[in-house]
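Please read the structure below before turning to the comments.
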Amino acid sequence: DGGITQSPKYLFRKEGQNVTLSCEQNLNHDAMYWYRQDPGQGLRLIYYSQIVNDFQKGDIAEGYSVSREKKESFPLTVTSAQKNPTAFYLCASTHSGGARNEQFFGPGTRLTVL
Amino acid sequence: AQKVTQAQTEISVVEKEDVTLDCVYETRDTTYYLFWYKQPPSGELVFLIRRNSFDEQNEISGRYSWNFQKSTSSFNFTITASQVVDSAVYFCALSEANRDDKIIFGKGTRLHILP
(Lines give C-alpha, C1' and ligand atoms only; values in the text may rest on other atoms or scores of the structure.)
Protein backbone atom coordinates (compact mmCIF):
# COMPACT_ATOMS: atom_id res chain seq x y z
CA ASP A 1 0.00 0.00 0.00
CA GLY A 2 1.18 3.49 -0.78
CA GLY A 3 1.50 5.92 2.05
CA ILE A 4 3.64 7.86 4.45
CA THR A 5 5.49 6.27 7.33
CA GLN A 6 6.66 8.13 10.40
CA SER A 7 8.59 6.48 13.12
CA PRO A 8 8.54 6.14 15.99
CA LYS A 9 4.99 6.94 17.12
CA TYR A 10 6.24 8.13 20.52
CA LEU A 11 9.68 9.50 21.28
CA PHE A 12 11.21 10.59 24.55
CA ARG A 13 14.43 12.54 24.82
CA LYS A 14 16.36 14.36 27.47
CA GLU A 15 16.68 18.09 27.27
CA GLY A 16 19.72 19.18 25.28
CA GLN A 17 19.80 16.15 23.00
CA ASN A 18 19.26 16.31 19.28
CA VAL A 19 16.68 13.91 17.90
CA THR A 20 15.79 12.91 14.35
CA LEU A 21 12.26 12.06 13.25
CA SER A 22 11.92 9.95 10.15
CA CYS A 23 9.45 10.38 7.31
CA GLU A 24 9.28 8.05 4.33
CA GLN A 25 6.80 8.02 1.47
CA ASN A 26 6.27 5.60 -1.40
CA LEU A 27 3.74 7.72 -3.23
CA ASN A 28 6.32 9.11 -5.67
CA HIS A 29 5.43 12.61 -4.50
CA ASP A 30 7.79 15.46 -5.21
CA ALA A 31 6.89 17.75 -2.33
CA MET A 32 7.20 16.94 1.35
CA TYR A 33 6.38 18.96 4.45
CA TRP A 34 6.94 18.97 8.19
CA TYR A 35 4.36 20.44 10.54
CA ARG A 36 4.26 20.93 14.25
CA GLN A 37 0.97 20.68 16.13
CA ASP A 38 0.45 22.06 19.61
CA PRO A 39 -2.86 21.97 21.49
CA GLY A 40 -5.16 24.69 20.21
CA GLN A 41 -2.58 25.93 17.71
CA GLY A 42 -3.44 24.04 14.57
CA LEU A 43 -0.63 22.99 12.24
CA ARG A 44 2.39 25.18 11.74
CA LEU A 45 4.85 24.65 8.91
CA ILE A 46 8.45 23.92 9.91
CA TYR A 47 10.17 23.06 6.62
CA TYR A 48 9.16 21.94 3.16
CA SER A 49 10.87 20.52 0.13
CA GLN A 50 9.57 20.59 -3.42
CA ILE A 51 12.43 18.65 -4.97
CA VAL A 52 15.35 16.47 -3.98
CA ASN A 53 18.34 18.35 -2.54
CA ASP A 54 16.31 21.49 -2.00
CA PHE A 55 14.23 22.69 0.94
CA GLN A 56 12.89 25.92 2.39
CA LYS A 57 12.11 27.21 5.84
CA GLY A 58 8.55 27.45 6.93
CA ASP A 59 7.08 29.68 9.60
CA ILE A 60 8.80 28.13 12.62
CA ALA A 61 12.10 26.71 11.34
CA GLU A 62 14.30 27.91 14.19
CA GLY A 63 15.80 25.01 16.12
CA TYR A 64 15.07 22.49 13.38
CA SER A 65 16.98 21.11 10.41
CA VAL A 66 16.09 18.83 7.50
CA SER A 67 17.65 17.04 4.56
CA ARG A 68 16.22 15.73 1.30
CA GLU A 69 18.79 13.40 -0.20
CA LYS A 70 16.21 11.00 -1.60
CA LYS A 71 12.78 11.63 -3.03
CA GLU A 72 11.21 9.18 -0.58
CA SER A 73 12.76 10.53 2.59
CA PHE A 74 12.57 13.83 4.47
CA PRO A 75 13.98 13.47 8.01
CA LEU A 76 13.57 16.24 10.56
CA THR A 77 16.14 16.91 13.27
CA VAL A 78 15.01 18.70 16.39
CA THR A 79 18.10 20.35 17.79
CA SER A 80 18.92 21.48 21.29
CA ALA A 81 18.36 25.04 20.06
CA GLN A 82 14.62 24.44 19.87
CA LYS A 83 13.29 26.02 23.05
CA ASN A 84 10.11 24.01 23.42
CA PRO A 85 10.33 20.84 21.34
CA THR A 86 7.61 18.82 23.03
CA ALA A 87 4.84 18.55 20.41
CA PHE A 88 3.16 16.35 17.84
CA TYR A 89 5.02 16.31 14.53
CA LEU A 90 3.32 15.51 11.24
CA CYS A 91 4.92 14.80 7.90
CA ALA A 92 3.01 15.23 4.64
CA SER A 93 3.59 14.90 0.94
CA THR A 94 1.88 15.99 -2.24
CA HIS A 95 2.13 15.71 -6.00
CA SER A 96 4.08 18.24 -8.02
CA GLY A 97 2.13 21.47 -8.00
CA GLY A 98 2.73 21.97 -4.35
CA ALA A 99 0.22 23.30 -1.92
CA ARG A 100 -2.65 23.57 -4.40
CA ASN A 101 -3.03 19.80 -4.15
CA GLU A 102 -4.31 17.68 -1.32
CA GLN A 103 -1.67 16.65 1.15
CA PHE A 104 -1.23 13.10 2.38
CA PHE A 105 -0.24 12.83 6.01
CA GLY A 106 1.68 10.33 8.04
CA PRO A 107 0.49 9.08 11.44
CA GLY A 108 2.68 11.56 13.31
CA THR A 109 5.37 11.35 15.99
CA ARG A 110 4.70 12.61 19.48
CA LEU A 111 7.94 13.96 20.91
CA THR A 112 8.33 14.52 24.62
CA VAL A 113 11.43 16.17 25.96
CA LEU A 114 12.05 15.47 29.61
CA ALA B 1 -1.90 37.94 3.84
CA GLN B 2 -3.34 34.47 4.18
CA LYS B 3 -5.47 33.73 7.18
CA VAL B 4 -7.95 31.03 8.14
CA THR B 5 -10.27 31.46 11.10
CA GLN B 6 -12.22 28.67 12.70
CA ALA B 7 -14.03 30.50 15.45
CA GLN B 8 -15.54 27.37 17.00
CA THR B 9 -12.89 25.79 19.20
CA GLU B 10 -15.05 22.93 20.38
CA ILE B 11 -18.58 21.71 19.59
CA SER B 12 -20.64 18.96 21.17
CA VAL B 13 -23.82 17.58 19.65
CA VAL B 14 -25.94 14.53 20.26
CA GLU B 15 -25.75 11.76 17.69
CA LYS B 16 -28.07 12.20 14.69
CA GLU B 17 -28.10 15.97 15.01
CA ASP B 18 -26.80 18.11 12.16
CA VAL B 19 -23.76 20.25 12.84
CA THR B 20 -22.02 23.00 10.86
CA LEU B 21 -18.36 23.89 11.24
CA ASP B 22 -17.49 27.43 10.24
CA CYS B 23 -14.46 28.56 8.27
CA VAL B 24 -13.66 32.13 7.26
CA TYR B 25 -10.61 32.92 5.18
CA GLU B 26 -8.63 35.96 4.06
CA THR B 27 -6.63 36.26 0.89
CA ARG B 28 -5.68 38.91 -1.65
CA ASP B 29 -5.37 36.41 -4.46
CA THR B 30 -8.13 35.79 -6.95
CA THR B 31 -6.98 32.20 -7.42
CA TYR B 32 -6.80 30.10 -4.32
CA TYR B 33 -7.69 26.69 -2.94
CA LEU B 34 -9.65 25.72 0.13
CA PHE B 35 -9.48 22.42 1.96
CA TRP B 36 -11.05 20.53 4.81
CA TYR B 37 -9.17 17.82 6.71
CA LYS B 38 -10.31 15.49 9.48
CA GLN B 39 -8.00 14.45 12.33
CA PRO B 40 -9.41 11.47 14.24
CA PRO B 41 -7.95 10.47 17.62
CA SER B 42 -5.29 8.39 15.86
CA GLY B 43 -3.65 11.68 14.80
CA GLU B 44 -3.33 11.27 11.05
CA LEU B 45 -5.01 14.00 9.01
CA VAL B 46 -7.41 12.78 6.35
CA PHE B 47 -8.25 14.88 3.31
CA LEU B 48 -11.97 15.56 2.85
CA ILE B 49 -12.34 18.12 0.08
CA ARG B 50 -10.59 20.71 -2.07
CA ARG B 51 -12.26 23.67 -3.72
CA ASN B 52 -10.72 26.22 -6.08
CA SER B 53 -11.81 29.83 -6.00
CA PHE B 54 -13.57 29.65 -9.35
CA ASP B 55 -15.89 26.87 -8.35
CA GLU B 56 -18.59 28.08 -5.97
CA GLN B 57 -20.79 25.08 -6.44
CA ASN B 58 -21.73 23.51 -3.19
CA GLU B 59 -20.75 19.90 -2.79
CA ILE B 60 -22.39 16.96 -1.12
CA SER B 61 -20.72 13.68 -0.31
CA GLY B 62 -22.93 11.36 1.64
CA ARG B 63 -23.65 13.00 4.99
CA TYR B 64 -21.05 15.70 4.34
CA SER B 65 -21.73 18.96 2.53
CA TRP B 66 -19.76 22.12 1.95
CA ASN B 67 -21.02 25.65 1.38
CA PHE B 68 -18.53 27.93 -0.37
CA GLN B 69 -19.49 31.61 -0.46
CA LYS B 70 -16.94 34.04 -1.87
CA SER B 71 -19.11 37.01 -0.91
CA THR B 72 -18.56 36.24 2.76
CA SER B 73 -15.18 34.48 2.36
CA SER B 74 -16.56 31.40 4.00
CA PHE B 75 -16.25 27.68 3.37
CA ASN B 76 -18.49 25.98 5.89
CA PHE B 77 -18.79 22.25 6.47
CA THR B 78 -22.01 20.52 7.51
CA ILE B 79 -22.39 16.99 8.79
CA THR B 80 -25.94 15.69 8.54
CA ALA B 81 -27.22 13.04 10.92
CA SER B 82 -23.95 12.99 12.84
CA GLN B 83 -22.45 9.74 14.11
CA VAL B 84 -20.03 8.99 16.91
CA VAL B 85 -17.36 8.17 14.32
CA ASP B 86 -17.49 11.79 13.19
CA SER B 87 -15.85 12.81 16.46
CA ALA B 88 -12.54 14.39 15.49
CA VAL B 89 -10.74 17.65 15.01
CA TYR B 90 -11.57 19.30 11.70
CA PHE B 91 -9.22 21.72 9.97
CA CYS B 92 -9.98 24.22 7.26
CA ALA B 93 -7.01 25.31 5.14
CA LEU B 94 -6.10 27.74 2.37
CA SER B 95 -3.39 27.93 -0.27
CA GLU B 96 -2.85 30.68 -2.83
CA ALA B 97 -1.89 30.11 -6.44
CA ASN B 98 0.99 32.56 -6.26
CA ARG B 99 2.25 30.94 -3.07
CA ASP B 100 2.32 27.41 -4.30
CA ASP B 101 4.67 26.36 -1.58
CA LYS B 102 2.55 26.44 1.52
CA ILE B 103 -0.88 25.89 2.92
CA ILE B 104 -2.24 27.75 5.92
CA PHE B 105 -4.34 25.80 8.41
CA GLY B 106 -6.94 27.12 10.77
CA LYS B 107 -6.65 26.18 14.42
CA GLY B 108 -9.24 23.48 14.07
CA THR B 109 -12.61 22.68 15.59
CA ARG B 110 -12.88 19.74 17.95
CA LEU B 111 -16.19 17.99 17.37
CA HIS B 112 -17.70 15.66 19.97
CA ILE B 113 -20.62 13.50 18.92
CA LEU B 114 -22.37 12.23 22.02
CA PRO B 115 -24.15 8.87 21.88
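The figures that follow rest on heavy atoms only: side chains count, while hydrogens, waters and symmetry mates do not. Each chain gets a letter, A, B and so on, in the order its sequence line appears, and its residues count up from 1.
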Between [X] and chain A, which part of the residue has a heavy atom less than 4.5 Å away: side chain, backbone, both or neither?
X     : answer
B:S42 : backbone
B:E10 : neither
B:Y32 : neither

Single hit among A:R100, A:E102, A:Q103 for side-chain contact (heavy atoms from CB on, under 4.5 Å) with B:R50: A:R100
Spacing of B:F91 atom CZ and A:Q37 atom CD [to the nearest 0.5 Å]: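 Separation between the atoms: 4.5 Å.
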From A:Y35 atom OH to B:I103 atom CD1, the distance as rounded to the nearest 0.5 Å: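 Rounded to the nearest 0.5 Å, the OH-CD1 separation comes out at 5.5 Å.
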B:Y90-B:V24 co-clustered via ILVMFWY side chain contacts under 4.5 Å: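 No, separate clusters.
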Cluster overlap A:V78 with A:I46, hydrophobic side-chain contacts below 4.5 Å: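 Yes: a chain of side-chain contacts under 4.5 Å links A:V78 to A:I46.
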Which portion of A:Q6 sits near chain B, non-hydrogen atoms under 4.5 angstrom: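 Contact with chain B is absent: no heavy atom of A:Q6 under 4.5 Å.
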Under 4.5 Å from any heavy atom of chain B - which part of A:L43: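 Both the backbone and the side chain of A:L43 come within 4.5 Å of chain B.
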Atom [atom1] of [X]: over 12 foreign heavy atoms under 6.0 Å:
X     : atom1 : answer
B:F54 : CZ    : yes
A:K9  : NZ    : yes
A:Q41 : CD    : yes

Any side-chain heavy-atom pair of B:K102 and A:Y33 under 4.5 Å: no
